Trainee: 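Quick one: this structure, given as structure tokens, is what I'll be asking you about.
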Amino acid sequence: QVQLVESGGGLVQAGASLRLSCVASGRTYTRYNVGWFCQAPGKEREFVAAISWNATSTHYADSVKGRFTISRDNAKNTVYLQMNSLKPEDTAVYYCAADPLHPLSRFAHDYAYWGQGTQVTVSS
């Protein structure tokens, strides 16, 4: 089992930045691909970004390319999502998820372990 805890969300104005963190505990985390997903009220959970276990590969949703950066520090069991130039449409609960089995994936159903989420609210 892997336990994931997100932090770093908050209320910011459009154009501001936030850095989300996802800290893992439990089984060895370093061999897990990790993804960030978001879910706005009334909408389905959406893929945001993902990083392979050794950080050699990353994927981003088109809507965040050039604004968000995913990274990881395996020594700290932590994955980060740097969010720059935030827009009101980025408002959502952001979840991190870990996947021990699949090639780097954009699909929520490939991720076995999930955190509880952190709220990001961007005002216009």
Side-chain angles (χ1 to χ4, degrees):
Q1 285 283 351
V2 172
Q3 292 78 44
L4 304 174
V5 178
E6 303 96 333
S7 63
L11 171 62
V12 297
Q13 291 189 329
S17 298
L18 284 173
R19 188 177 79 159
L20 306 184
S21 298
C22 173
V23 179
S25 61
R27 293 187 64 182
T28 302
Y29 186 57
T30 56
R31 289 284 181 171
Y32 290 70
N33 295 335
V34 174
W36 284 97
F37 294 79
C38 68
Q39 188 166 17
K43 294 188 176 182
E44 293 186 354
R45 195 165 294 189
E46 297 180 348
F47 170 76
V48 177
I51 188 167
S52 61
W53 68 272
N54 57 2
T56 58
S57 182
T58 57
H59 290 333
Y60 293 94
D62 288 343
S63 59
V64 306
K65 280 182 182 177
R67 299 189 300 123
F68 292 9
T69 303
I70 190 170
S71 61
R72 68 190 297 163
D73 183 343
N74 285 343
K76 296 182 178 180
N77 288 332
T78 302
V79 172
Y80 304 98
L81 184 68
Q82 178 67 43
M83 309 166 71
N84 297 330
S85 302
L86 282 161
K87 304 175 181 180
E89 51 263 44
D90 295 320
T91 295
V93 177
Y94 283 73
Y95 300 89
C96 67
D99 170 29
L101 295 176
H102 302 90
L104 194 59
S105 173
R106 299 169 177 260
F107 301 105
H109 59 72
D110 284 336
Y111 289 82
Y113 305 103
W114 291 81
Q116 83 290 346
T118 185
Q119 176 71 46
V120 172
T121 304
V122 185
S123 64
S124 57

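Here the structure is a predicted model, which means the values were calculated and not measured.
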Trainee: Say whether, by atom type as modelled, one donor and one acceptor occur between the side chain of Glu6 and the main chain of Gly117 under 3.5 angstrom.
Mentor: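 Yes, the answer is positive, given that a donor and an acceptor are paired below the 3.5 Å cut-off.
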Trainee: Is Leu81 linked to Val64 within one hydrophobic cluster, defined over Ile, Leu, Val, Met, Phe, Trp and Tyr using a side-chain heavy-atom separation of less than 4.5 Å?
Mentor: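 Yes, because Leu81 and Val64 connect within a single hydrophobic cluster, where side-chain heavy atoms sit under 4.5 Å apart.
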Trainee: Could you tell me the separation between the CZ atom of Phe47 and the OH atom of Tyr60, rounded to the nearest 0.5 Å?
Mentor: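 It is 9.0 Å, given to the nearest 0.5 Å.
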Trainee: Which atom names give the shortest non-hydrogen contact between Trp114 and Ala108, and what distance separates them?
Mentor: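 Residues Trp114 and Ala108, closest heavy atoms: CZ2-O, 3.5 Å.
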Trainee: Is there a path of hydrophobic side-chain contacts, each under 4.5 Å between heavy atoms, that joins Tyr111 and Val93?
Mentor: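 Linked, Tyr111 and Val93 end up in one cluster.
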Trainee: Once the angle between the rings of Phe107 and His109 is folded into 0 to 90°, is it parallel (under 30°), tilted (30 to 60°) or perpendicular (over 60°)?
Mentor: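 It falls in the parallel class, under 30°.
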Trainee: Is there a donor-acceptor pair under 3.5 Å between the side chain of Asp110 and the backbone N or O of Leu104?
Mentor: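 Checked: no pair found.
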Trainee: For residues Gln39 and Lys43, report the shortest heavy-atom separation together with the two atoms involved.
Mentor: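 Taking every non-hydrogen atom into account, NE2-O, 3.1 Å.
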Trainee: Checking side-chain contact (heavy atoms from CB on, under 4.5 Å) for the pair Ser7/Thr118: CA distance, chi angles, key distance, verdict?
Mentor: CA-CA 6 Å; Ser7 63; Thr118 185; 5.6 Å; no
Trainee: Apply salt bridge (Lys or Arg N to Asp or Glu O under 4.0 Å) to residues Lys87 and Asp90 and explain how you reach the verdict.
Mentor: CA-CA 5 Å; Lys87 304 175 181 180; Asp90 295 320; over 6 Å; no
Trainee: Stepwise, does the side-chain contact (heavy atoms from CB on, under 4.5 Å) test hold for Tyr113 with Tyr32?
Mentor: CA-CA 10 Å; Tyr113 305 103; Tyr32 290 70; 3.7 Å; yes
Trainee: Could you report the tightest heavy-atom contact between Trp53 and Asn33, atom names first, then the distance?
Mentor: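 Nearest heavy atoms, Trp53 then Asn33: N-OD1, 2.9 Å.
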Trainee: How long is the straight-line distance from CD of Gln13 back to CG of Leu86, given to the nearest 0.5 Å?
Mentor: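 Rounded to the nearest 0.5 Å, the CG-CD separation comes to 11.5 Å.
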Trainee: What closest approach, in Å, do Phe37 and Arg106 show between heavy atoms, and which atom pair accounts for it?
Mentor: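 The answer is CE2-O, 3.6 Å.
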Trainee: Verify, without hydrogens or angle tests, whether Thr78 (side chain) and Val23 (backbone) share a donor-acceptor contact under 3.5 angstrom.
Mentor: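 No, Thr78 side chain to Val23 backbone: no donor-acceptor pair under 3.5 Å.
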Trainee: Group every Ile, Leu, Val, Met, Phe, Trp and Tyr by side-chain heavy-atom contacts under 4.5 Å, then state whether Ile51 and Leu20 land in the same group.
Mentor: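 Yes; tracing contacts between hydrophobic side chains, which count when under 4.5 Å, links both residues.
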Trainee: Flag this pair as yes if the NZ/CZ of Arg19 is under 6.0 angstrom from the six-membered ring centre of Tyr80 and inside a 45 degree cone about the axis; otherwise no.
Mentor: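 Yes, Arg19 and Tyr80 form such a contact.
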Trainee: If I compare all heavy atoms of Asp99 with all of Leu101, which pair ends up nearest, and what's the gap?
Mentor: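 Scanning both residues, the minimum pair turns out to be OD1-N, 3.0 Å.
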Trainee: For Ala40 and Ala92, which heavy atoms make the closest approach, and how far apart are they?
Mentor: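 Nearest heavy atoms, Ala40 then Ala92: N-CB, 3.8 Å.
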Trainee: Distance from Ile70 atom CD1 to Gln82 atom CD, nearest 0.5 Å?
Mentor: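 Reported value, rounded in 0.5 Å steps: 12.0 Å.
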Trainee: Any chance you could measure Cys38, atom SG, to Met83, atom CE, to the nearest 0.5 Å?
Mentor: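 Rounded to the nearest 0.5 Å, the SG-CE separation comes out at 8.0 Å.
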Trainee: For side-chain contact (heavy atoms from CB on, under 4.5 Å), just list the numbers for Tyr95 and Leu4, CA-CA rounded to whole Å, side-chain angles, deciding distance to a tenth of an Å, and then say yes or no.
Mentor: CA-CA 9 Å; Tyr95 300 89; Leu4 304 174; over 6 Å; no
Trainee: Checking Asn54 against Arg72 for the side-chain contact (heavy atoms from CB on, under 4.5 Å) test, could you report, in this order, the C-alpha distance in whole Å, the side-chain angles of both residues, the deciding distance, and whether it holds?
Mentor: CA-CA 9 Å; Asn54 57 2; Arg72 68 190 297 163; over 6 Å; no
